[in-house]
Number of protein chains: 4
Amino acid sequence: MFDGVLARGRVPEAVSDAAWLRAMLAAEAALARARGLDAKVADAIAAAASDPRLDPRTLGARAAESGNPVVPLVAALREIAGPEVHRGATSQDILDTAAMLVAADALVILREDLGAAAGAAARLAAQHRATPMIGRTLLQQAMPTTFGLKAAGWMRGLDAGLERLAGFRPVAQLAGPAGTLDAIGPDVLRRYCELLGLDEPVLPWHTERSRIGELASALGIACGAIAKVAGDVVLLAQTEVGEVTEAAPGGSSSMPHKRNPVAAVSARACARQAPGLVATLLASMEQEHERAAGAWHAEWAPLRALLVASGSAAVWLRACLEGLEVDVARMRANLPAEAELGGAVASAGALVDRALSRRPGA
Amino acid sequence: MFDGVLARGRVPEAVSDAAWLRAMLAAEAALARARGLDAKVADAIAAAASDPRLDPRTLGARAAESGNPVVPLVAALREIAGPEVHRGATSQDILDTAAMLVAADALVILREDLGAAAGAAARLAAQHRATPMIGRTLLQQAMPTTFGLKAAGWMRGLDAGLERLAGFRPVAQLAGPAGTLDAIGPDVLRRYCELLGLDEPVLPWHTERSRIGELASALGIACGAIAKVAGDVVLLAQTEVGEVTEAAPGGSSSMPHKRNPVAAVSARACARQAPGLVATLLASMEQEHERAAGAWHAEWAPLRALLVASGSAAVWLRACLEGLEVDVARMRANLPAEAELGGAVASAGALVDRALSRRPGA
Amino acid sequence: MFDGVLARGRVPEAVSDAAWLRAMLAAEAALARARGLDAKVADAIAAAASDPRLDPRTLGARAAESGNPVVPLVAALREIAGPEVHRGATSQDILDTAAMLVAADALVILREDLGAAAGAAARLAAQHRATPMIGRTLLQQAMPTTFGLKAAGWMRGLDAGLERLAGFRPVAQLAGPAGTLDAIGPDVLRRYCELLGLDEPVLPWHTERSRIGELASALGIACGAIAKVAGDVVLLAQTEVGEVTEAAPGGSSSMPHKRNPVAAVSARACARQAPGLVATLLASMEQEHERAAGAWHAEWAPLRALLVASGSAAVWLRACLEGLEVDVARMRANLPAEAELGGAVASAGALVDRALSRRPGA
Amino acid sequence: MFDGVLARGRVPEAVSDAAWLRAMLAAEAALARARGLDAKVADAIAAAASDPRLDPRTLGARAAESGNPVVPLVAALREIAGPEVHRGATSQDILDTAAMLVAADALVILREDLGAAAGAAARLAAQHRATPMIGRTLLQQAMPTTFGLKAAGWMRGLDAGLERLAGFRPVAQLAGPAGTLDAIGPDVLRRYCELLGLDEPVLPWHTERSRIGELASALGIACGAIAKVAGDVVLLAQTEVGEVTEAAPGGSSSMPHKRNPVAAVSARACARQAPGLVATLLASMEQEHERAAGAWHAEWAPLRALLVASGSAAVWLRACLEGLEVDVARMRANLPAEAELGGAVASAGALVDRALSRRPGA
């Protein structure tokens, strides 16, 4: 019902139950291959995604017995592919590895949309490097600036979010129940990581969750940058300000003529989910001994929700910025008559040039 | 995939897309009736839940155009039941009313499960009012107490959560786009509320969100009480302590013999979602003018997630406590040999009696 | 350095170290009296606030040895008033009781300021019940309303916050180390509560923290209501909107002529501290066994910070609203020329009358 | 009163009002020098820290007039050092620069303590690489591991936190009221940064707050790592487990004989402040236009509180780990009699060696 607004773009599918199942199967298949089992075992695992015994709803329901979906998954896979499946591993090895695969896929999509939004901001910056507008502090008109400088600030924030996301390195998990690796061995671990295209962990990280905190933070920072831009668009689009309009504004159920900045509003709505979810994930870093009694399980929902919220926010902001209509005349009209523009416009333009020349890839 | 653990019991269905659709239709039908339209209009609205044009996925997708699902819902309903549908109302009237109907239904379920958990705690308190065990402070053995007093403390926390939830009064929303009620009138509002069984608002609360904050807080406090109990069970069930066991402990994918306190672990995992979600909802109380540009939309996902997490936590805790096996001998064995029990046990028992006698309904 | 903005009014003093010390001494003195010790003991305790051995900095430093300031406090008090001091009690009895005394004092102040802000909103509502202005949804001009209706909405939110705060009942804590009351007895507990003017707890609540959750939530909801009003003022005060001005707007370091809505901005800054602090306090409800190993200690700073933030936000909002200048002509000028006002103004005015007549105490 | 527990070590002094004043004066002095003013001006500014007109309490009180302490600071400095002080800058230039200077100083201290804690964990890992103990999953005994592997996991988490903190680059702020730099110029900016030893910003970041989000996240992740270790110590120190003891355990006000793990408990109490504060700072990234109307001011308190909490948590954990007494015999006694240790111990030891060899600087 709310997915059109709050679960937009392709990230929701990338973090769906089906995607998690695929990722868990990829992990189990990689383990079978890494252990040198008969190729039929891994093939059977890899082919099992559509087996009715692996219906996510069934697995989800049976997950309640043990507290995680890997236990019923392994039971089903052993029926399908034999008793060697999963040997040496623990549930969390598979789920954490799957989480990394799922997150990595989601991040590819998210970075594409966020990158497009940053690109749109960069184009606005270049195009309006010398378009004068009033700068506003505490929502009061203050001194002149240019719209290009404002857009360049947006770009910088989005680029910072992108850089942080790009720095996230997904890493595999495989070490067995107490994390000692002794039923697995370092060679199997290495092959498992290679097969999955994930970094090899120096140690098991079953209860060392800094990478979850890092992923969460990177998403939270990206959402903060998105919210800033969307908030500015909402303010600039106010009827009394009127300096920008979205390309496809929305009407309302009672006032179809309205030109609501739906994309910016929705981007904000999505992005504002982030801080609370990040807090939950940071608080969940306190995990007991070799496997947490709740804090690990407490990660699953907020991590998924955070990826969906971030991905949706990025899609909305991209749509907002790629089609943003800038009313240069209104910007000028809103400037105080007595404002002296010369120095500010030149200086702002030079800042824009510098920011554009320093863009990654510029 | 995670629903067996994190979306347990009947609350998830009560806050599903289908439930939201039913609630929105109930609101539109009540509006038609309250306005005195031909009964066929309201009947057609009420019967439309299974109409393919109202498929939640379709509505959700089209919600993206305007930023909320009521706009496409009304368009479809006007095709079905005529152009009078929704007249005078605004999207938020329907969605906020639906939110209250959905929350009220979810709370009935949640209170039943939480009440059962509190009842189980009360029974444990009565049964073990004089069962000696060591009291533990900062996780160090301190002075003797009784298991009944510990369970009575659990009961008090759960009862406090229940009382707060029982105090929540769902209230309707109906006032039109700017909240002036002028296209609706007080009589229609009164009938609308009566038909829906919701309190009548003194003023529209489109951007006065104290009741959302109140609902969120009540759920957050209930989750805090649940987490406390579940945490104690996890600690008492430690191998080295061994004072309680769950009736249906779970195994693991690699160690089927283990007796994991799955219900307590899962209750904790669910309950720990709450603080971050409450924070999002409290932060969302800052809503602009007559309709918020994002903060309203930002409520939908965390409110649903919070209801699901709370409902699931309550179901898990109920299962945990209703089947909790108490090892009285182990409790005694864990007491320091030199501990004098007499005074503490008698005094603790008297406290338990007092707490039981003061229970609501006792 | 930031206290002028973020620690305004009289709440900061009411939650200061000196206030905590007085409250802890009140608890110890009440315990001595309730136990029927020689009156000199209680008198010596009560008179000890200015004893150099009880300097908060000294106690605070020595608190590090045991993890709380009651241990060194009791050591010092025994030097001053004899070895019977504190007998039967545990540190948390004294600190929790002190927390309630401190919170109760802070709430009296907070409610006075918040009540004054609500009163100012009520006066604005009455005065401008029929002052037409444009209603704004998603920050777009929508349909006419009146400024009185907007102010009545502010009043309702603030009154809801007040009602919740008024419902908070501070309760004493006294039960000894394992919470069994056996070294104290119910009669001493009753007298202790009477002497302190606090409710008597049915059970010790050392690790049953629903009342901390309740206090935190009530403050969080009040802050949400404040942030909504302050946000509206900031938006209405925008240069391009210009419908309200604060009585004492502030300049800036570089633009002394600016008329920044400092009170609204500061109220927002204070109020926005709340959601994160509430989350910390809700998460801290999960307290182990008979005394938490960290979660109790984790309450002290956020509870104080939340009281300060709420109290400051209320003071700022009171100043903002009590002196708010409303530009009726600008409101009219901002209305679309073609807007029909009659029905909306009449209907909005009637809503205002209803809301004012339903005020508590109206 | 609580500072001994919650504001430990040297970070509190590094983020005190006095430290902020010094940092603001450093910024103003650097600006004067960068602008090529008479050296007397900068000298007078730099010498003004002890001038009574710059008493933080006075500045703080007067900050209320304009919403920030730079306005009264500049007024006082102009009396002291002439009218050229601050010319071209805006309040936020000075405060943001000061925030970076203060944070940088605090981070040096924090990293020293956190590094020492990580070093202590590394030593425990090396010393106990082959000390067998039972691994615990969901707080149930599972399979053998070694204490060295557990300690190596602690080390990895702390090192990850350190790495993230080391990656934070403080950057200056200087661009004038609308952020255009036109009254300042790029050369002055460059010299200002050089004089202060801060990175030069590509663009002003008055409302592009990714670095605040980054700093907050890094602190939140460090606190998560600390909380994990402290939580494990608390659990291992349980009377019934007894595998570790702190060197300086604390007594209680009623049970002086107790051996409470005060350092671990306090580290946890401090670290658990973080997630809520991080959420506030992430939510505050949404800042309007060229200067936020509240969200900027909302950063000051949580940023300071977060630095204090992190710094204190690090000091406590350092004390906890540097003096941790490991009871090897008890670890062995807690192992199930039938446990086969050989493979697990060897494999765990090899993992420890790998982790130690990969330490930064190893």
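By convention in this document, chain letters (A, B, ...) are assigned in the order of the sequence lines, proteins followed by strands, and residues within each chain are numbered from 1. From a predicted model like this one, the values you see are computed outputs, not experimental measurements. As a basis for the values below, the full set of heavy atoms in this structure was taken, side chains included, without hydrogen atoms, waters or symmetry mates.
The side-chain hydrogen bond (donor to acceptor under 3.5 Å, both in side chains) test with Glu240(A) is passed by exactly one of Gln238(C), Gln140(C), Gln141(C): Gln141(C).
Most heavy-atom pairs under 4.5 Å with chain A, from the set Gly276(C), Gly242(C), Pro261(C): that is Pro261(C).
Residue Thr280(A) does not touch chain C at all, counting heavy-atom pairs closer than 4.5 Å. Residue Ala142(A) touches chain C through both its backbone and its side chain, counting heavy-atom pairs closer than 4.5 Å.
Under the 3.5 Å distance criterion, the side-chain polar atoms of Arg330(C) are matched with a main-chain donor or acceptor of Val241(C).
Taking NZ from Lys150(C) and CG from Leu236(C), the interatomic distance works out to 5.0 Å, rounded to the nearest 0.5 Å. Arg209(A) CZ to Leu215(A) CG: the interatomic distance, rounded to the nearest 0.5 Å, is 11.0 Å.
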